[in-house]
Amino acid sequence: MGRWISTRAVRRAFNRQRHLALAFTAADWPPHPRFVGGADLAFEPGAGQRAGSPGSRAVAVAVVWDRQQRRCVEIAAARRRVRFPYVPGLLSFREAPILLAAIRRLQTPVDVWIFDGHGISHPRGCGLATHLGMLLNQPSVGAAKSRLCGVCATPPSRRGACAPLRYQGRLVGFAVRTEAGQPPLYVSPGFRCTPRQAAKLVLACALRHRLPEPTRLADWSCAQLRGVGAGSVTVDTLQRLVRPDPSRHSFTGREREVVSRHGG
DNA sequence: GCGACAG
DNA sequence: ATCTTGTCGC
Ligand SMILES: [Mg+2]
């Protein structure tokens, strides 16, 4: 199993997180965020190697969701080699570089981000959403499917129900029931955001599914790109599926992007 | 010292 | 996250 990092690397990562956590602030959340960015990735099996193993690759997808039009207005993707193992509490060191590669390819300005993981509801107050928000210097929210640390009650089964998530006595987020009868999401501020603002946004973006649209579309999209050779499935293909054109008469101007190491 | 432990 | 066929239930 994977321990491809030294204890010093782990110690450096811990220190990096503790340092970043000092820079957290809940201020500067936009009043009415319209364009919400989301990103996710899928690990691909390599030549004789299992998906997610050292040297294998992952494909990341970043999308921009327009809350006003209720649709995805842009999608981008990128492939990168996996260079860090999965270690609970160090997820950002594994995923952030890959997610960033896809995010950098977006041209639409994003107001706030939602990421698939925790924000400050983290042992050192610096989960994936916090780390990425700080690297991007933009407001961000973490929407995790399960709890990493802290304690909270089970929210009522109705959609919209919430239960405070506390870690060491501090409010670090909410367990939010985004879909009736389904397990709650663990929502926390990533950067420039309060727990309440984070929960409100995620609930508002979770239209008919458990996951908010930005990360749900990114999750679905990277699964489509997983394992396909560069050229067979293009971003253009995904745009048509995940980004239905209301007018059906216009072109975006960049519809030939291929998801390779450099290509887009 | 013993469990818990995002994706 | 990924490995994987059929199967149980609305
Ligand atoms: Mg994910």
Side-chain angles (χ1 to χ4, degrees), chain A residues 1-5 10 13-14 16-17 20-21 38-62 79-103 113-133 140-152 165-168 172-176 178-191 195 198-199 202 210-212 214-216 218-228:
Chain A
M1 293 306 183
R3 270 296 78 61
W4 17 302
I5 52 173
V10 170
F14 272 45
R16 177 76 176 134
Q17 292 181 321
L20 287 174
D40 194 24
L41 56 75
F43 296 94
E44 310 180 298
Q49 309 267 322
R50 302 200 325 269
S53 62
S56 68
R57 294 199 302 174
V59 56
V61 167
R79 277 198 172 79
R80 286 292 186 282
R81 202 164 290 287
V82 177
R83 24 172 94 253
F84 205 93
Y86 170 69
V87 179
L90 298 181
L91 181 66
S92 64
F93 294 88
R94 176 174 172 82
E95 299 196 347
I98 304 168
L99 295 173
L100 234 27
I103 290 172
W113 296 91
I114 298 180
F115 293 113
D116 184 19
H118 285 91
I120 64 172
S121 49
H122 177 279
R124 288 164 295 285
C126 189
L128 176 69
T130 299
H131 201 146
L132 279 171
S140 64
V141 169
K145 294 181 288 297
S146 64
R147 187 184 57 82
L148 174 61
C149 67
V151 293
C152 71
L165 173 63
R166 294 190 172 77
Y167 183 57
Q168 297 180 334
V172 293
F174 288 97
V176 182
T178 51
E179 184 179 10
Q182 292 303 124
L185 244 36
Y186 296 82
V187 182
S188 64
F191 189 44
V202 170
R210 181 189 180 211
L211 299 182
T215 51
R216 190 182 73 82
D219 175 83
W220 183 85
S221 298
C222 66
Q224 303 309 304
L225 293 176
R226 181 180 182 275
V228 309

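Labels below follow one simple rule: chain letters A, B, ... track the order of the sequence lines, proteins then strands, and each chain is numbered from 1.
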Heavy atoms, side chains only, cut-off 4.5 Å: are A/L165 and A/Y167 in contact? no

Atom CG of A/D219 and atom P of B/dA6 are separated, to the nearest Å, by 17 Å

Whole Å only: how far is the CG atom of A/L99 from the P atom of C/dA1? 12 Å

The nucleotide from C/dT2, B/dA6, B/dC5 with an atom nearest the side chain of A/R147 is B/dC5

Identify whether any heavy atom of A/G127 sits under 4.0 Å from a base atom; if not, whether one sits that close to sugar-phosphate; answer base, sugar-phosphate or nothing. base

Counting the atoms with a prime plus P, OP1 and OP2 as sugar-phosphate, which does A/P45 contact under 4.0 Å by heavy atoms, base, sugar-phosphate, or nothing? sugar-phosphate

Gap between atom OG1 of A/T215 and atom NZ of A/K145 - 0.5 Å precision: 7.5 Å

From C/dC3, C/dA1, B/dA6, pick the nucleotide closest to the side chain of A/F43? C/dA1

Checking all strands, does A/G142 fall into the base, sugar-phosphate, or nothing category for heavy-atom contacts under 4.0 angstrom? nothing

What is the distance from CG of A/L128 to P of B/dC5, rounded to the nearest Å? 19 Å

Starting at atom CZ of A/R57, determine the distance to atom P of C/dT2, rounded to an integer number of angstrom. 16 Å

Is A/S146 close enough to B/dG7 that one of its side-chain N or O atoms is under 4.0 Å from OP1 or OP2 there? yes

When you measure from the side chain of A/T178 to the backbone N and O of A/R210, does any donor-acceptor pair fall under 3.5 Å? yes

Where the side chain of A/H118 is concerned, which of C/dC3, B/dA6, B/dG7 is the nearest nucleotide? B/dA6

Can you tell me if A/Y86 is stacked onto the base of B/dG7, using a 5.5 Å centroid cut-off and an angle below 30°? yes

If the cut-off is 4.0 Å, is A/R226 near the phosphate of C/dC3, judged by side-chain N/O to OP1 or OP2? yes

In whole angstroms, how far is the P atom of B/dC5 from the NZ atom of A/K145? 15 Å

What is the distance from atom CH2 of A/W113 to atom CD1 of A/I103, rounded to the nearest 0.5 Å? 4.5 Å

Output yes when a side-chain donor or acceptor of A/R226 lies under 3.5 Å from a complementary backbone atom of A/F43, and no otherwise. yes

Give the rounded distance in Å between these two atoms: CG of A/D40 and C1' of C/dT2. 13 Å

Could you tell me the separation between the CD atom of A/E44 and the C1' atom of C/dT2, rounded to a whole number of Å? 12 Å

Classify the nucleic acid contact of A/L90 as base, sugar-phosphate or nothing, counting any heavy atom under 4.0 Å across all strands shown. base

Whole-Å distance separating the CD1 atom of A/I120 from the C1' atom of B/dA6: 15 Å

Looking across every strand, which nucleic acid part, if any, lies under 4.0 Å from A/A42 by heavy atom: base, sugar-phosphate, or nothing? sugar-phosphate

